Amino acid sequence: VMEKVSKIDTNVIILGESGTGKGLVANVIHMMSSRRDKLFVKVNCAALSGSLLESELFGHERGAFTGAIRKKIGKFELANRGTIFFDEIGDIPPFVQAKLLRVLQEHEFERVGGEETIKVDVRLISATKDNLENLVANGKFREDLYFRLKVISIYLPPLRERKEDIPFLVEEFLKRFN
């Protein structure tokens, strides 16, 4: 599946419980894609507050807010021509969802406090343990963004449902730790 998905240069969402290896799958998709020679930029959406997440993703101009003492390049600019991976995308606040939608539709954005429009060519791979359909139904996640994200959807079952993978994992851990 990952080999087929890696050849299609579109958005991918990886669904599954915590600990199922969503980040690993995202990395493999990137490494097998035509963007493998460019950056693979990771963003943990659950670890950052809304305004901090906005600044991390889109960057900011000097003086855009208290503490912005210099211009900062955001993750989207860093990932240009490469891949950006959003872990726990369901945790993105609504105002950042709107800006993200614009990047996906128009391939452009402005830094926080900036006026210059920046064009980017980025493949987005996202992951979540949350049921995004429920978040959409409850008004906590934009429906239009949801459909933009799930062009290709991959479900990773938990290890308890893929017991045939255990011998491979044991072998890999033995190699690594011996």
Side-chain angles (χ1 to χ4, degrees), residues 1-2 4-18 22-23 25-27 29-30 33-35 38-61 64-65 68 71-156:
V1 170
M2 289 184 287
K4 287 180 184 177
V5 169
S6 68
K7 290 178 175 34
I8 304 167
D9 195 30
T10 191
N11 299 332
V12 177
I13 189 162
I14 305 167
L15 308 167
E17 294 178 12
S18 292
K22 297 181 293 289
V25 168
N27 194 36
I29 291 169
H30 169 73
S33 78
S34 62
R35 296 175 182 262
K38 304 297 180 194
L39 285 181
F40 178 73
V41 177
K42 301 174 193 175
V43 179
N44 183 341
C45 301
L48 302 168
S49 69
S51 56
L52 184 56
L53 180 62
E54 179 185 28
S55 178
E56 282 294 311
L57 295 180
F58 306 107
H60 63 259
E61 295 293 338
F65 50 84
K71 178 170 93 172
K72 178 179 174 26
I73 301 298
K75 301 291 188 188
F76 274 107
E77 280 182 86
L78 289 174
N80 193 28
R81 295 193 185 359
T83 304
I84 192 164
F85 172 59
F86 281 17
D87 196 11
E88 296 308 337
I89 195 154
D91 291 337
I92 292 181
F95 77 96
V96 178
Q97 291 177 31
K99 290 185 86 167
L100 176 57
L101 183 63
R102 179 175 175 216
V103 173
L104 295 178
Q105 289 176 331
E106 309 296 329
H107 307 283
E108 64 184 28
F109 63 93
E110 288 84 32
R111 289 187 197 106
V112 177
E115 296 175 4
E116 175 190 358
T117 298
I118 300 163
K119 292 279 204 184
V120 288
D121 170 20
V122 178
R123 180 182 198 179
L124 176 66
I125 300 176
S126 55
T128 185
K129 67 183 175 328
D130 297 325
N131 183 326
L132 290 184
E133 289 178 4
N134 285 349
L135 292 177
V136 168
N138 293 324
K140 294 180 180 172
F141 201 85
R142 292 179 64 114
E143 184 176 34
D144 47 2
L145 177 57
Y146 171 65
F147 286 113
R148 286 279 181 180
L149 295 173
K150 70 169 253 172
V151 175
I152 296 177
S153 183
I154 298 173
Y155 171 70
L156 284 181

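Treat the numbers as computed from the prediction; the structure is a model and nothing was measured. Residues: numbered from 1 along the sequence shown. Only heavy atoms go into these numbers, but all of them, side chains included; no hydrogens, no water, no symmetry mates.
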**Student:** Could you tell me the separation between the NZ atom of K72 and the NZ atom of K75, rounded to the nearest 0.5 Å?
**Tutor:**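 Going from NZ on K72 over to NZ on K75, the span is 6.0 Å.
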**Student:** Measure the spacing between CD1 of I73 and NZ of K71 and express it to the nearest 0.5 Å.
**Tutor:** 5.0 Å
**Student:** Which heavy atom of A26 sits nearest to which heavy atom of I14, and what is that distance?
**Tutor:**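 That closest heavy-atom pairing would be N-CD1, 3.8 Å.
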**Student:** Would a distance-only check, ignoring hydrogens and angles, find a side-chain to backbone donor-acceptor pair under 3.5 Å from N131 to E133?
**Tutor:**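 A pair under 3.5 Å: yes.
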**Student:** Quick check on K4: does its NZ atom have over 12 non-hydrogen neighbours (other residues, nucleotides or ligands) under 6.0 Å away?
**Tutor:** no
**Student:** Under 4.5 Å between any side-chain heavy atoms of D130 and L135, yes or no?
**Tutor:** yes
**Student:** What is the minimum heavy-atom distance between V103 and V120, and which atoms define it?
**Tutor:** CG1-CG2, 4.1 Å
**Student:** Between R111 and E61 (salt bridge meaning N to carboxylate O under 4.0 Å), is one present in this structure?
**Tutor:** yes
**Student:** Would a 4.5 Å heavy-atom cut-off, applied to side chains only, mark L53 and I92 as touching?
**Tutor:** yes
**Student:** Quick one: does L124's side chain get under 4.5 Å of I13's, heavy atoms only?
**Tutor:** no
**Student:** Test of understanding: with side-chain hydrogen bond (donor to acceptor under 3.5 Å, both in side chains), list the residues that count as partners of D121, not counting sequence neighbours.
**Tutor:** R35
**Student:** Is it true that a side-chain atom of E77 and a backbone atom of G59 form a donor plus acceptor pair closer than 3.5 Å?
**Tutor:**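 Judged by distance alone, no pair lies under 3.5 Å.
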**Student:** In the structure I gave you, are the side-chain heavy atoms of I154 and I29 within less than 4.5 Å of one another anywhere?
**Tutor:**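 Touching, per the 4.5 Å side-chain cut-off.
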**Student:** To the closest 0.5 Å, what do you measure between CD (E56) and OG (S49)?
**Tutor:**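 Answer for the CD-OG pair, E56 versus S49, is 10.0 Å.
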**Student:** State which residue, out of K42, K38, R123, H30, fulfils the side-chain hydrogen bond (donor to acceptor under 3.5 Å, both in side chains) condition with T83.
**Tutor:** H30
**Student:** For N134, is there any backbone N or O sitting under 3.5 Å from a side-chain donor or acceptor partner on N138?
**Tutor:**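 Yes; judged by distance alone, with no hydrogens or angles, the pair exists.
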**Student:** So, the side chain of K22 versus the backbone of G16: is there a donor-acceptor pair under 3.5 Å, distance only?
**Tutor:**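 Answer holds: yes.
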**Student:** Can you tell if the side chain of L100 reaches within under 4.5 Å of the side chain of F76, non-hydrogen atoms only?
**Tutor:** yes
**Student:** Rounded to the nearest 0.5 Å, how far apart are CZ of F40 and CD1 of I125?
**Tutor:** 6.0 Å
**Student:** Test your reading of the model: is there a side-chain donor-acceptor pair from N11 to the backbone of R148, 3.5 Å cut-off?
**Tutor:** yes
**Student:** Under the side-chain hydrogen bond (donor to acceptor under 3.5 Å, both in side chains) test against R102, which residue among H107, E108, Q97 passes?
**Tutor:**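 With R102 as partner, H107, E108, Q97 yield a single side-chain hydrogen bond (donor to acceptor under 3.5 Å, both in side chains), made by E108.
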**Student:** Quick check for you: to the nearest 0.5 Å, what is the distance between K129 atom NZ and L15 atom CG?
**Tutor:** 12.0 Å
**Student:** With a 4.5 Å limit on heavy-atom distance, are the side chains of L149 and L104 in contact?
**Tutor:**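 They are in contact (side-chain heavy atoms under 4.5 Å apart), so the answer is yes.
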**Student:** Rounded to the nearest 0.5 Å, what's the gap from CG on L78 to CG on L39? Could you check?
**Tutor:** 7.0 Å
**Student:** Going by atom types alone, do E110 and T117 pair a side-chain donor with an acceptor below 3.5 Å?
**Tutor:**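 Yes, because at least one side-chain N or O of E110 sits under 3.5 Å from a partner of the opposite role on T117.
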**Student:** For the residue pair L57 and F86, establish whether any side-chain heavy-atom pair is separated by less than 4.5 Å.
**Tutor:** yes
**Student:** Taking the side chain as everything from C-beta on, heavy atoms only, tell me whether F85 gets closer than 4.5 Å to V43.
**Tutor:**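 A side-chain contact under 4.5 Å is absent here.
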**Student:** So, using ring pair (Phe, Tyr, Trp, His ring centres under 6.0 Å) as the criterion, who are the partners of F109 when residues are at least two apart?
**Tutor:**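 F109 satisfies ring pair (Phe, Tyr, Trp, His ring centres under 6.0 Å) with F58 only.
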**Student:** Quick check: are there more than 12 heavy atoms from other residues, nucleotides or ligands sitting under 6.0 Å from CD of E143?
**Tutor:**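 Count not over threshold, so no.
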**Student:** Under the side-chain hydrogen bond (donor to acceptor under 3.5 Å, both in side chains) rule, collect the residues that match up with S55, sequence neighbours excluded.
**Tutor:** H60
